[in-house]
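Input: a single structure, listed below in structure tokens.
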Amino acid sequence: MKTAIEALRRGIPAQRVLTEPADVMSFSFDASFGTHAPDVVCQPLSTEEVVHIVQVANAYNLPIVPRGRGTCLSGGPLAVHGGIVLDFSLWDTTLVISPDDLTATVSPGVLTKAIDDAAKAHGLMYPPDPSSSHVATIGGNLAENAGGPKGLKYGVTKDYVLGLEIVTADGRVVRTGGQTVKNVTGYDLTKLIVGSEGTLAIITEATLRLIPRPLAQKTALVVFDTIVDSGRAISSVLTSGVLPSKMEIMDRACIRAVEAYEPLGLPVDAAAILLVELDGHPLALEDEMKIVKGACESVGARSITIAQTEEEAAELWYARKLVSPAIVRIKPTKISEDATVPRSQIPAMFEALERIRHTYDIELVIFGHAGDGNLHPNILADARDPEEMKRVERAVEAIFDEALRLRGTLSGEHGIGTMKAPFLANELGEDGVWLMKRMKEAWDPNGLLNPGKLFAPPGTKLVLRDE
Ligand SMILES: Cc1cc2nc3c(=O)[nH]c(=O)nc-3n(C[C@H](O)[C@H](O)[C@H](O)COP(=O)(O)OP(=O)(O)OC[C@H]3O[C@@H](n4cnc5c(N)ncnc54)[C@H](O)[C@@H]3O)c2cc1C
């Protein structure tokens with residue numbers, strides 16, 4: 001390792017090649033489970049430096065683990081086999097908006113919110129808005145194909161990527177796609193890399209599509225006495241002729257946790273609330289909101305309150321942002337799932353989650369991007385209690401089984417990483433996994449790029465306990 005580190009320092013300044021135990025430990029975790037310290041952390045600031053690191057990794061057979069800000073919820077940036085963590089958080093130097101092309105060109109460490117903020121100055125919008133957008137990088141968003149509340153109307157990260165610069169596992173620099181909205185030259189490698197979780201190539205630059213910013217927004221708070229009614233309201237709104245820009249759900253446990261964390265006047269006796277945002281022309285929004293109101297009332301909504309000012313709307317969305325910090329007060333260990341079901345199956349998934357909560361006697365809360373079926377069942381537990389964690393493991397398996405039974409998917413946006421790898425074949429089948437493994441071998445024959453992610457050795461089980 002000593003000679004590998006010397007070789008790394010021949011292409012990158014020594015202060016950006018970190019080996020002190022305290023430094024490498026700082027890069028040993030993400031927002032999911034497990035602690036895996038790398039041997040060394042490199043903090044590149046150019047494509048040339050990335051190429052140098054990849055060449056050294058090949059010479060010394062060292063794993064390379066790309067990392068943005070470590071907010072991943074599936075174990076993606078963990079150095080499970082040691083090696084080099086490629087920390088992109090310092091490389092936020094390029095953020096160029098081209099208003100006439102409606103594009104943004106960015107380096108991998110730029111925060112996602114900074115892209116939308118820069119676009120706003122030109123009357124434009126970068127729609128993908130993961131709830132972590134103020135702390136997560138575009139590189140991490142691209143690698144996970146991140147979504148967010150606005151995915152309901154505007155889609156997810158992959159829908160806004162025109163081109164990428166990537167460094168391959170053997171150190172070649174390749175450009176995929178380009179600057180144009182349309183491009184059918186050859187295979188669509190851009191879409192293949194987006195969502196590949198750092199296992200096929202390293203992203204060093206992206207050209208993103210921007211769209212005109214809507215002129216206005218309107219937000220409504222809809223209150224329900226049963227969670228199943230809230231599920232029916234989602235279908236009712238989506239078939240009403242109006243497509244909201246956001247439709248987020250919080251169940252009773254979330255509402256109460258947020259109110260306990262910071263009292264905001266949410267209805268603590270409700271079974272669930274939906275936050276619905278419409279965007280577009282201000283005149284159209286008035287009429288569209290009436291239609292949404294009617295759609296919710298027709299399936300038994302208890303009340304609908306429309307925010308009258310931007311401040312009132314901002315307060316409702318602030319409540320949604322508080323869910324993650326608030327629920328960890330229930331119990332300290334949070335297991336975030338994002339199993340996603342077809343929209344028609346949302347009420348059935350709510351019923352299944354209720355059954356799972358009782359069967360495994362767990363603290364389970366539901367929030368998330370309900371409008372696109374991307375529920376976020378979160379289990380709150382205490383990792384120090386092995387008996388409880390065993391029940392949690394079984395509950396997680398049951399959530400995946402139910403999502404697949406309802407024609408859904410293991411993950412709508414958080415990725416497979418280490419956490420869902422043991423379940424990959426349940427959704428894709430053995431042949432589907434085989435095909436993906438062949439693609440991995442073609443792109444990365446020596447298995448250096450983010451090993452231990454997506455594909456688990458046969459027989460691997462989800463274990464959330466120290467064994
Ligand atoms: C409170 C909270 C809320 C969240 N809300 C959402 C949400 O609404 N929607 C959503 O989709 N996710 C959400 N997430 C998950 C997480 O923020 C996203 O997955 C995000 O895209 C990760 O970005 P990051 O910069 O932290 O990347 P990291 O966590 O550091 O890495 C994520 C993956 O990307 C790879 N990677 C990073 N940079 C590169 C690169 N340059 N080239 C190749 N691979 C790379 C890593 O190897 C890893 O596999 C949330 C997380 C938290 C903690």
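Only heavy atoms go into these numbers, but all of them, side chains included; no hydrogens, no water, no symmetry mates.
- The nearest pair of heavy atoms linking M289 to T219 is CE-C, 3.8 Å.
- Note on residues 404-415: pairs passing salt bridge (charged side-chain N to carboxylate O under 4.0 Å, His left out), not counting sequence neighbours, are E402-R405.
- Applying the salt bridge (charged side-chain N to carboxylate O under 4.0 Å, His left out) rule to pairs touching residues 311-327 yields E248-R320, sequence neighbours excluded.
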Practice task
Apply side chain to side chain donor-acceptor pair (under 3.5 Å) to the pair T409 and E427, showing each step before the final yes or no.
Solution key: CA-CA 7 Å; T409 177; E427 180 169 340; 2.9 Å; yes

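- In the displayed structure, D431 atom CG is contacted under 6.0 Å by at most 12 heavy atoms of other residues, nucleotides or ligands.
- When side chains are defined from C-beta on, F224 does not count as touching T226, because their heavy atoms never get closer than 4.5 Å.
- In this structure, CD1 on I416 lies 13.0 Å from OG on S196, to the nearest 0.5 angstrom.
- Distance alone, capped at 3.5 Å, is enough to place a donor-acceptor pair between the S107 side chain and the T93 backbone.
- Without hydrogens or angle criteria, S236 side chain to A295 main chain gives a donor-acceptor distance under 3.5 Å.
- Between D279 and K153 a salt bridge is recorded (basic side-chain N to carboxylate O distance below 4.0 Å).
- Taking the charged nitrogens against the carboxylate oxygens, E387 and R391 do have a contact shorter than 4.0 Å, which makes a salt bridge.
- Side chains of L102 and P212 form a contact here, defined as non-hydrogen atoms less than 4.5 Å apart.
- Judged as a side-chain hydrogen bond (donor to acceptor under 3.5 Å, both in side chains), and not counting sequence neighbours, T418 has no contacts.
- We find that E354 and R357 are joined by a salt bridge, their nearest charged nitrogen and carboxylate oxygen being less than 4.0 Å apart.
- The pair K331-D385 fails the salt-bridge criterion, with no side-chain N (NZ, NE, NH1 or NH2) lying under 4.0 Å from an Asp/Glu carboxylate O.
- No side-chain heavy atom of V276 sits less than 4.5 Å from a side-chain heavy atom of K293.
- Side-chain contact between F33 and I335 is present, with at least one heavy-atom pair separated by less than 4.5 Å.
- Between the side chain of S28 and the main chain of V24, no donor-acceptor pair closer than 3.5 Å is present.
- For the pair L192/T176, no side-chain contact is recorded, criterion being any heavy-atom separation below 4.5 Å from C-beta on.
- A donor-acceptor pair under 3.5 Å is absent between the side-chain atoms of Y126 and the main chain of Y160, judged by distance alone.
- Ion pairing between a basic and an acidic side chain is recognised when a charged N comes within 4.0 Å of a carboxylate O; D401 and R394 show no such pairing.
- Remark: side-chain polar atoms of N374 are paired, donor with acceptor, to backbone N or O of D338 under 3.5 angstrom.
- A donor-acceptor pair under 3.5 Å links the side-chain atoms of S245 to the main chain of E277, judged by distance alone.
- Annotation: side chain of L142 is not in contact with side chain of I193 (no heavy-atom distance under 4.5 Å).
- Note on K120 versus D117: no salt bridge recorded, every NZ/NE/NH1/NH2 to OD/OE distance being 4.0 Å or above.
- Judged by distance alone, the side chains of T157 and N141 never bring a donor and an acceptor atom under 3.5 Å apart.
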